[in-house]
Each structure stands twice: as C-alpha cells, then as structure tokens.
Number of protein chains: 2
Amino acid sequence: MKKSNPSQSMVNQSIFDIFSDETISGVAYKNKALKRAIINHLDQTGNTTITDLAAALNISVPKTTSLINELIGDGLVKDQGKVDSKGGRRASLYGLVAESAFFMGVDVKHYYVNIGLLDFKKNLVTSEMHVPYQLANTQESFDQLIKIIQDFISNLPAATRNILAICMNLSGRVNSENGYSYSFFHFHEEPLSTTIEQITGIRTYLENDSRAMAYGEFHRGIVRDEKNVLFVNLDYGIGLGIMINGQIYRGKSGFAGEFGHIPLFTNEIICHCGKKGCLETEASGQALIRLFREKIAQGSSSSLLQHDKLPDPLHLSSIIAATRNEDVLCIELIAGIGEKIGRGISVLINIFNPELVILGGILSETDEYIRLPIRSALNKYSLSLVNNDTQLVMSRLQEKAGVIGGCLIARDKLLSFP
Amino acid sequence: MKKSNPSQSMVNQSIFDIFSDETISGVAYKNKALKRAIINHLDQTGNTTITDLAAALNISVPKTTSLINELIGDGLVKDQGKVDSKGGRRASLYGLVAESAFFMGVDVKHYYVNIGLLDFKKNLVTSEMHVPYQLANTQESFDQLIKIIQDFISNLPAATRNILAICMNLSGRVNSENGYSYSFFHFHEEPLSTTIEQITGIRTYLENDSRAMAYGEFHRGIVRDEKNVLFVNLDYGIGLGIMINGQIYRGKSGFAGEFGHIPLFTNEIICHCGKKGCLETEASGQALIRLFREKIAQGSSSSLLQHDKLPDPLHLSSIIAATRNEDVLCIELIAGIGEKIGRGISVLINIFNPELVILGGILSETDEYIRLPIRSALNKYSLSLVNNDTQLVMSRLQEKAGVIGGCLIARDKLLSFP
DNA sequence: TGAGTTAAATAAAATAATTTAAAAACTATT
DNA sequence: AATAGTTTTTAAATTATTTTATTTAACTCA
C-alpha cells in the first residue's frame with residue numbers, strides 16, 4: 001500500500017512519511033503516532049493551543065511543543081496567530097497548513113461530471129460543475145473521463161497542483177477497499193483504481209456515488225452531531241449511503257446500500273437488475289419518467305408537451321423543473337413516488353433507528369413536493385416510537401455533495417483518518 | 001458512572017480502579033491506560049508472553065514486565081505456565097485470572113428464564129436453563145424475576161459470588177445506554193437498570209434479547225472472523241441483532257433492529273404494534289400458531305391433535321417438536337413461513353451486504369425445514385452479486401445464546417471493552 | 001553429557017519524557 | 001502607571017522508559 005511520489009515536494013514526502021505504516025522502533029514509532037494524533041486533532045477541532053493539545057492527547061506541554069515544532073519544520077502545521085486572552089499571556093494557535101496538500105474528487109453522473117479540489121484544511125478550492133460527459137461502460141467513455149480529469153489538473157494554478165489523491169465516485173457496485181468497480185469500466189484484471197493511478201500518477205480511490213454524497217453531507221453538510229445517518233440518493237436509481245458511528249458502512253465487499261433493489265412490491269415490472277418488485281421499479285427517477293410517459297399516452301396534459309410531443313430524450317431534470325414550476329401532472333407523480341419512497345425509508349428507519357435521514361440527489365430538488373409525501377408515509381408505515389427519533393431533512397450541499405464527499409474520501413483515506 | 005463496592009474483595013477494587021475514568025495525571029494515567037490495554041489484549045488473544053505483549057502494544061520489555069507484575073499484585077493476571085519452546089529459554093505465559101471476577105446474564109423469555117454466570121476468562125461457570133416464569137408487564141411478574149435472580153445468587157458457591165455486573169435481556173424496546181426498558185417493567189421515573197441495581201447491589205445493564213443473542217453468537221458461537229453479522233431471532237416475534245464492525249449496533253435510542261415490523265405485506269392483519277402489513281403478521285411464531293389453528297379449523301390433520309382438540313395454550317415448542325417429528329402440516333407451514341422470512345432477510349442482505357446471517361431463536365430448531373425455504377427465497381429476492389457474499393447459518397449456541405451474550409455484555413460494558 | 005545455540009529475563013546505561021520552577025506576556029485593578 | 005493576578009512559554013531538575021548489554025534458562029545435537 002506504500003507509494004511515494006519522488007517528483008513531489010518535501011512537504012508531501014513528510015506527509016507520506018508520517019502516514020506510512022512501516023514498522024519502526026519504539027520511540028520513533030511513538031513520535032510518529034503522536035504526530036498523527038496531533039494532525040488528526042487539528043483536523044477535527046481546527047486551530048488549537050499547545051496547552052489544549054497537550055491536555056487532549058495526554059502528553060506534556062514540552063513534548064507537545066517539540067512535536068509541533070517538528071510538524072512546522074515538515075511544513076504541515078503553522079502558527080495561526082494568537083488566541084484572545086481572558087487574563088494572562090496569549091497563547092499561540094497552531095493549525096494545519098491549507099496549501100500543503102490537495103485532494104481531488106470526481107463525481108461521475110449520467111450526463112455530466114462534477115470535479116473539485118480540496119486543500120489540507122478541507123476547503124473546496126476549485127470546482128467545475130456539469131462538465132458534459134456521457135457515461136457508458138465503454139473504453140471510449142473511460143478515455144473521455146480520463147481526459148476530463150487531466151484537463152482539470154492542467155488548468156490548475158501551479159500552487160495547487162500537488163495532488164496527493166483522487167477519489168472517483170461511480171454508481172453501481174464499487175468495492176472501495178480494493179478499488180474494483182463492477183458496474184463500470186471493469187475491463188482489466190487489475191482494479192480500476194490501479195489503472196487510473198498508472199495513467200495519472202496519483203493515488204486513486206473509488207467510491208460508490210451515494211456513499212460519497214453521504215460522506216460529504218456528513219462532514220460538510222447538514223449533519224451536526226449525529227453519528228448514525230442515512231443518505232438517500234434519489235436519482236435515476238435509488239441509492240443509499242449509510243453512516244454508522246460516524247463512518248461509512250460498506251458491507252463485506254462494498255455492496256451495502258442496495259436500497260433500490262429491495263423487494264417491496266409485488267408487480268411484474270422487470271428491474272434492470274433482473275428481479276421483479278424492486279423499489280426502483282416504482283419509486284425511482286427512471287420509474288418517474290416511465291409513469292410520466294404512460295400518463296401522457298393516456299391523454300394527460302403537461303407543460304412539458306411542445307406541440308403534443310415530449311422532448312426526446314426526456315431528462316429527469318426537465319420533470320423536476322416542471323414540478324418546481326407547478327406542473328400539476330408532475331406534482332402528482334412526484335407525490336406518488338414520494339409515498340413509495342417513504343414506504344422504503346420506513347423499512348430503513350425500523351431497522352436502523354437513525355438520528356437523521358437526508359434526502360439528496362436530483363429528485364430532492366423538488367423539495368417539499370417530495371418531502372411531505374415521504375414524511376406522511378413514514379408516519380403510516382414505521383413504528384412511531386422509532387420514527388419519532390428520526391429527523392427527515394433535505395441535503396444541504398445538493399449537487400456538490402458528491403464532489404465534496406469524493407475529495408474528503410481521497411483525503412481521509414490517504415491520511416488514514418477514521 | 002462510578003460505583004465502588006466496598007464490601008467486595010481487593011481484586012474487585014483494583015478492577016474498578018483500573019477501569020474507572022477519573023482524571024489523573026500524566027504518568028499515572030498512561031500506566032492505567034497501558035494496564036487496560038494489557039488486559040484487553042490478554043482478553044482478546046488469551047495467554048501471552050511478555051515479549052509478544054511488548055511487541056503488540058509497542059512498549060519495551062522491561063516496562064511490560066513491571067506492568068504485568070503490578071497486575072499480578074492486583075490479582076487480575078497470573079503466570080499460566082511456560083510456552084513450548086522451539087529452541088531457547090521458555091517464556092512465561094501470562095493470562096487473566098478466571099476467578100477474579102464474575103458476571104451474570106439473565107435471559108428473560110415468555111415462559112421461562114435462562115440464567116448464567118461467566119468468569120473473568122469468559123467461561124460459563126454455571127447456568128440454569130428454563131427456570132419457570134411467566135413474563136408479564138406487572139409488578140408481580142417483576143418481583144418474581146428478582147426473586148429468581150436472588151435465588152440464583154444465593155445458591156452460588158462462595159468462591160463465585162463476587163459478581164461485578166448483571167445484564168438482563170428483555171424483548172421489545174430497550175435502551176441499553178441509559179437502562180430504560182419501554183416494553184416491560186417501566187413503572188418508575190428512574191431507569192429499570194437502576195431499580196435492579198438498588199435491589200441487588202450489583203451494577204446492572206439491560207439489553208434487547210435479540211441483540212444479546214447476537215453478541216453471544218458473535219463472540220462464543222458460530223462466528224469466526226466475520227465482522228458484519230446479522231442475527232435473526234425467530235421466536236414468537238421476529239428480532240434482529242446487528243453486529244457492525246464487531247460491535248452491537250443499537251441506533252439512536254436503542255430501537256434498531258425492529259425487523260419484525262417492516263411493512264413487507266399488503267394484508268389486513270393488525271400487528272400488535274398497531275400497524276398493518278408487518279413481517280411479523282405473516283412470518284413469526286405467533287403467525288405460525290395462527291396459521292396452524294386456521295388450517296386445523298379448515299379440517300387439516302396433525303399429530304398435535306388429541307381427540308380432535310389442540311392443547312391450550314398451544315406453545316410454539318409443540319409445533320417445533322411436531323415439525324421435527326415430521327408432522328406434514330407443520331412442515332408445510334414452516335416452509336411457508338420460511339419463504340416469507342427469506343423475503344425479509346433478502347431486504348437485509350441488499351442493505352447490509354453482511355458476511356454472515358445467523359438464524360437463531362426457537363424456530364431455528366427446525367433446522368433445514370426452515371433454512372432451505374429461506375435460502376431459496378434469498379436467491380429469488382436478493383441481488384445475486386450481493387447474496388453470493390453472504391453465508392446463511394444456524395445458531396451454534398442455540399438456547400444458550402442469550403445467557404452467554406448477556407454475561408458477555410455485562411462483562412464488556414463494565415470493563416468498557418470495545 | 002556438555003558445548004553451542006537460541007531466546008527470555010534482568011541489570012546497567014543512555015535517552016526521553018514529565019514535573020517543577022522560573023521567566024515572559026498579557027489583563028485588570030488600584 | 002505600577003502592580004497583582006493569570007496564563008503561556010521556556011528552562012532545569014527529576015523521574016521514566018527505552019536501549020543495550022549481560023545473565024539465566026532451556027533446547028539441540030554431536
């Protein structure tokens with residue numbers, strides 16, 4: 001798992017040193033562990049004084065001072081000014097150096113890519129949203145994606161170009177432990193992450209799109225102190241990102257969260273997974289488009305009709321826009337879908353008793369049009385004692401959840417943060 | 001959270017000292033933390049040499065030696081003999097002292113109580129199974145339960161009587177963090193655990209029955225290296241114990257795992273939870289009894305009929321016994337129930353992608369009669385890629401899962417083991 | 001059986017960390 | 001504006017821990 005980038009700066013080298021897991025002798029090992037703990041603590045709590053750091057990590061002030069000085073020498077920490085005093089000498093605040101490392105998130109959607117860059121202090125430095133792209137399981141589509149990534153990097157100002165890691169979010173089945181993607185770009189023996197690493201020269205991780213969005217929302221979005229959170233990604237399919245005890249839950253092979261394919265209905269619609277009765281067959285964006293077409297064929301009217309014809313292809317975003325413009329048919333259909341999603345989520349609530357359920361993904365942009373039917377389905381279908389515990393909220397990062405989550409995963413995986 | 005038992009031995013006192021979380025100064029704190037780490041390590045891996053311990057915990061051999069000697073002085077660790085040498089001086093093995101502390105598990109079922117005692121080394125010292133008892137949500141029933149506990153303790157030989165903690169398993173909604181039970185014995189303002197503590201003088205924890213069984217099965221049962229495991233408790237109701245990353249998952253208020261009440265059917269049967277369509281209405285022991293009665297009323301025959309009449313009350317155990325004796329009606333009904341449970345479990349598999357699903361509880365005693373229909377329902381309803389990851393096995397501890405799990409929870413909570 | 005080998009346990013030396021004390025920097029008060 | 005009161009920072013002294021070296025114990029094989 002070791003990988004050093006000799007071409008890169010001294011700062012990077014010290015990051016790799018501190019976070020490598022080579023076995024070294026007692027004292028040196030402990031110092032490295034302490035440095036890691038300090039970086040971790042600074043990451044969690046922001047700028048901190050030496051006294052606080054010493055108390056938090058149970059090490060003495062002189063020891064803390066010497067470690068901090070080493071980290072300053074490494075270029076990873078710097079003096080960030082003085083604390084406001086309440087009587088007594090003002091303490092120096094120490095914090096991470098934002099520009100000492102950068103991390104990249106690539107959020108691959110059906111018809112576009114969102115791509116962004118995060119610094120060491122978790123600020124989103126740049127992001128390019130909606131870069132046109134057509135996702136398909138072909139070599140051409142993969143090459144196109146690589147080109148988008150490379151263009152993004154080469155357009156970056158020199159100061160932000162030492163990128164330590166990339167995380168790419170893909171829909172479908174992704175094993176983020178070994179870097180295999182099963183639904184897309186599974187062309188070689190080696191894991192997809194390795195292929196990308198070899199092309200870009202940058203350490204690469206893969207993650208399922210819904211999990212990455214959940215992670216972003218968890219760390220930089222709507223979540224405050226909650227530790228058990230579910231993120232429901234309402235898009236063409238239905239995804240689920242599970243955060244348990246503050247960490248992503250992936251299951252044995254990274255296939256956890258296949259919420260869209262739980263057998264909740266007794267219909268005859270064949271899902272693209274091959275089974276019948278999946279939640280997705282009746283409650284996804286895909287289903288919404290199907291239902292919409294059916295209604296139109298039956299003679300219903302909608303603002304989306306132009307000279308009695310529907311745009312082709314009919315994008316989900318059009319239906320969402322129409323809903324927000326109070327198109328009656330769309331509103332009705334969204335309500336119907338919401339009630340079914342709610343029934344699905346009530347299963348989750350009974351099983352997880354979560355603190356928070358976040359509605360994200362493109363369908364969540366219909367806001368209350370979808371939240372209210374979901375909420376009332378929850379009251380109908382889940383145990384009230386359990387349900388009362390659970391808040392149902394809309395995503396705060398919206399379309400940026402994936403990029404930010406991806407960047408954070410790249411960062412936290414590389415630095416082996418919990 | 002501190003509680004000292006002045007009446008008890010010096011050994012106990014040192015356990016409380018080592019595991020108390022009072023804030024003490026640097027060196028003393030670190031020594032205490034190291035002692036805790038040593039006990040933890042000995043607990044996980046069994047008897048260990050000083051050299052191995054030093055390597056595992058990254059402390060020097062002399063330091064380890066002095067800590068071990070302190071622990072021996074505390075009566076918590078002892079020399080357990082020498083290791084088999086492969087050339088060279090034979091190392092001393094050190095391990096926990098089994099009789100230095102005891103922990104009690106009380107598994108409360110509908111018509112009986114199982115009760116057991118575990119020593120510091122996780123051996124089940126004694127257990128009394130099937131102590132007759134009638135669970136009801138009344139003060140009398142509670143008093144009766146307390147009497148069973150007190151009788152059990154007073155019948156214990158003197159050497160095993162210093163019990164540090166009790167864990168009581170109750171069905172229904174239990175918050176094991178604060179000790180409240182909502183389904184049973186919720187008579188006072190204070191948590192039920194406190195009430196029991198005051199009566200018995202022993203630190204008491206509560207746990208949901210299915211979770212306790214899952215914990216027992218996880219640590220002393222069928223589970224080997226798996227870390228994400230689901231335990232399905234098939235009894236009068238359907239319970240679920242969720243082990244994630246080797247730890248019990250309880251949800252926000254301890255209500256996680258309400259698997260029996262997921263809305264999987266569109267029937268009109270009112271569940272005892274007040275909702276319609278719950279899994280329990282068609283796939284639980286309760287449902288089995290109902291279906292059995294219906295079949296008999298419709299004229300079906302069964303070996304359980306005596307002079308054309310059914311025993312009253314008709315216990316689940318009778319139906320299970322009949323199934324094992326190849327009663328055709330019972331076998332058919334179990335198969336039907338199994339298929340529905342399987343549909344429920346396939347929801348869990350899609351969501352959790354677990355390594356292992358364990359079937360436990362009294363219904364699991366029908367073995368292959370229930371396992372096979374469940375297995376084939378899983379193939380039918382869950383995604384094959386995800387499903388292939390998951391092993392479906394029967395409980396190994398069977399009826400002892402609850403007691404052993406309870407004892408272990410008492411122990412691990414008191415010692416704040418992970 | 002005893003020399004040679006291996007590894008654990010212990011002792012001594014060296015290093016490292018904590019503790020205590022003192023100095024420096026700042027606030028509030030008289 | 002001087003000074004008492006706080007709190008951080010640095011320095012010195014003390015205590016702890018690790019390293020290294022030595023001794024002890026057990027095994028192997030001629």
task: Could I get the full list of side chain to side chain contact (heavy atoms under 4.5 Å, CB included) partners for A:Asp52, not counting sequence neighbours?
output: A:Thr48, A:Thr49
message: For DNA chain C, which residues of residues 35-58 of chain A approach it to below 4.0 angstrom with any heavy atom?
response: none
- request: Inspect the surroundings of OH in B:Tyr29 and state if more than 12 heavy atoms from other residues, nucleotides or ligands are less than 6.0 Å away.
  value: no
field: Partner set under ring pair (Phe, Tyr, Trp, His ring centres under 6.0 Å) for B:Tyr215, not counting sequence neighbours
entry: B:His219
message: Tell me whether A:Lys400 contacts the main-chain N or O of A:Gly216 through its side chain, where contact means a donor paired with an acceptor under 3.5 Å.
response: no
field: chain B contact limits on DNA chain C, taken 5' to 3' with a cut-off of 4.0 angstrom to heavy atoms
entry: C:dT6 to C:dT19
- prompt: Between B:Glu99 and B:Lys78, does at least one N-O distance fall below 4.0 Å, as a salt bridge requires?
  reply: yes
task: Starting from C1' on D:dT17, measure out to CG on B:Leu67 and report it in whole angstrom.
output: 11 Å
- prompt: What does A:Asp84 touch in the nucleic acid at a heavy-atom separation under 4.0 angstrom: a base, only the sugar-phosphate, or nothing?
  reply: nothing
task: Kindly indicate whether the side chain of B:Ile38, heavy atoms from C-beta on, has any atom under 4.5 Å from the side chain of B:Ile68.
output: yes
task: Would you sort out whether A:Val83 and A:Asn47 count as a side-chain contact (heavy atoms from CB on, under 4.5 Å), showing the intermediate values?
output: CA-CA 10 Å; A:Val83 76; A:Asn47 299 344; over 6 Å; no
task: Output yes when a side-chain donor or acceptor of B:Asn245 lies under 3.5 Å from a complementary backbone atom of B:Gln247, and no otherwise.
output: no
query: Taking OH from B:Tyr29 and P from D:dT15, how many angstroms apart are they, rounded to a whole number?
result: 24 Å
- prompt: What is the distance from CG of A:Leu93 to P of D:dT7, rounded to the nearest Å?
  reply: 16 Å
- prompt: Is the charged tip of B:Arg411 near the ring of B:Phe120: under 6.0 Å from the six-membered ring centre and within 45° of its axis?
  reply: yes
message: Expressed as a whole number of angstroms, how long is the span from B:Asn31:CG to D:dT17:C1'?
response: 10 Å
message: Using a 4.0 Å heavy-atom cut-off to protein, can you give one letter per nucleotide of nucleotides 19-30 of chain D, 5' to 3': B if the base is in contact, S if only the sugar-phosphate is, - if neither?
response: B----BBBS---
message: Taking only side-chain N and O atoms of B:Lys63, does any of them lie within less than 4.0 angstrom of OP1 or OP2 on D:dT18?
response: no
query: Mind checking what makes side-chain hydrogen bond (donor to acceptor under 3.5 Å, both in side chains) contact with B:Lys35, not counting sequence neighbours?
result: B:Glu70, B:Asp74
message: So does B:Phe102 get a backbone contact from the side chain of B:Asp119, meaning a donor-acceptor N/O pair under 3.5 Å?
response: no
query: For DNA chain C, whose closest nucleotide is more 5', that of B:Thr65 or that of B:Lys30?
result: B:Thr65
message: In this structure, how many angstroms lie between the C1' atom of D:dT17 and the CG atom of A:Leu34, rounded?
response: 14 Å
